[in-house]
Q: 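Following this message is one structure expressed as structure tokens.
Quick caveat: nothing in here was measured; it's all calculated off a predicted structure.
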Amino acid sequence: RVISGLNSSSKLPVIGKTTDYPKTEFNYEAYNAKLYMDYKKQLQNENLSNIIKDNPMLEHAAFGNGNLTFGSLSRKESELLALQWVGDGAIKTSNDWISADGTRLYRAPDIKKYSQYAETGIQSNFQRGYMNESKFISESNLHINIKDN
């Protein structure tokens, strides 16, 4: 239907009020922070998946919860596995290695004389977690028996 007298240069009548619409503010900072955390978690999970692809023994350390004792290795094998676990740029502490992103920790073989699960009396630990101030908080802890004392 064509309204007579109207063309592209004529002034259109006001149909309704165009003011006082509710204004909502979008919090870009919170949105970007959430996106960052989501992408960071996704990248960490992809990294863990790549680590266990070649080292299925580390599956509990990568995706499990709590403690698990599983398998046995020589000291040398444990140290080689540790290099893959903590990755490039790992930081050496007193007896530990922690990944550059602070999410994976390797504790070198140590005597565990009070553990009923330490079949050889010595175990190394592969842990996943996060840093809280200067302390590592473990979410998973894989104990591996060391067979050559």
Q: Find the distance between OG (S124) and CD (E77) and round it off to the nearest 0.5 Å.
A: 10.5 Å

Q: Kindly list each side-chain donor-acceptor pair under 3.5 angstrom involving residues 129-138, sequence neighbours excluded, with atom names and distances?
A:
residue, atom, partner, partner atom, Å
S138, OG, Q127, NE2, 3.2
S138, OG, S140, O, 3.0

Q: Is there a donor-acceptor pair under 3.5 Å between the side chain of N27 and the backbone N or O of A30?
A: yes

Q: At what distance, to the nearest 0.5 angstrom, does CG of L58 lie from CG of L81?
A: 4.0 Å

Q: Is the backbone of V86 close enough, under 3.5 Å, to the side chain of W97 for a donor and an acceptor to pair up by distance?
A: no

Q: Please indicate whether I91 has more than 12 foreign heavy atoms, meaning atoms of other residues, nucleotides or ligands, lying under 6.0 Å from its CD1.
A: yes

Q: Name each donor-acceptor pair under 3.5 Å that joins a side chain in residues 32-42 to protein atoms two or more places apart or in another chain, with its distance.
A:
residue, atom, partner, partner atom, Å
N32, ND2, Y28, O, 3.3
K34, NZ, D38, OD1, 3.2
K34, NZ, D38, OD2, 2.8
Q42, NE2, E46, OE2, 3.2

Q: Distance check, rounded to the nearest 0.5 Å: W85 atom CH2 versus I98 atom CD1?
A: 11.5 Å

Q: So which pairs with a foot in residues 109-118 pass side chain to side chain donor-acceptor pair (under 3.5 Å), sequence neighbours left out?
A: K112-N125

Q: Less than 3.5 Å apart, which donor and acceptor atoms pair up between the side chains of residues 59-73 and the rest of the protein, not counting sequence neighbours?
A:
residue, atom, partner, partner atom, Å
H60, NE2, G66, O, 2.9
N67, OD1, N141, ND2, 3.3

Q: Could you walk me through whether K76 and D148 pass side-chain contact (heavy atoms from CB on, under 4.5 Å), step by step?
A: CA-CA 9 Å; K76 186 69 176 166; D148 59 337; over 6 Å; no

Q: Work out which heavy atom in F126 is nearest to a heavy atom in I144; give both atom names and the distance.
A: CE1-CD1, 3.6 Å

Q: Are side-chain heavy atoms of N47 and L43 found at a separation under 4.5 Å?
A: no

Q: For a quick test of reading the model, state the closest non-hydrogen atom pair linking T120 to I146 and the distance between them.
A: OG1-O, 2.7 Å

Q: Can you name the residues that form a salt bridge (charged side-chain N to carboxylate O under 4.0 Å, His left out) with D101, not counting sequence neighbours?
A: R104

Q: Quick check against the 3.5 Å criterion: does S78 have a side-chain atom that pairs as donor or acceptor with the backbone of S74?
A: no

Q: Which value, rounded to the nearest 0.5 Å, describes the distance between R107 atom CZ and D96 atom CG?
A: 6.5 Å

Q: Verify the cluster assignment for Y106 and I51: are they in a single hydrophobic cluster under the rule of side-chain heavy atoms below 4.5 Å apart?
A: yes

Q: Not counting sequence neighbours, which residues clear salt bridge (charged side-chain N to carboxylate O under 4.0 Å, His left out) with E139? List them please.
A: R128

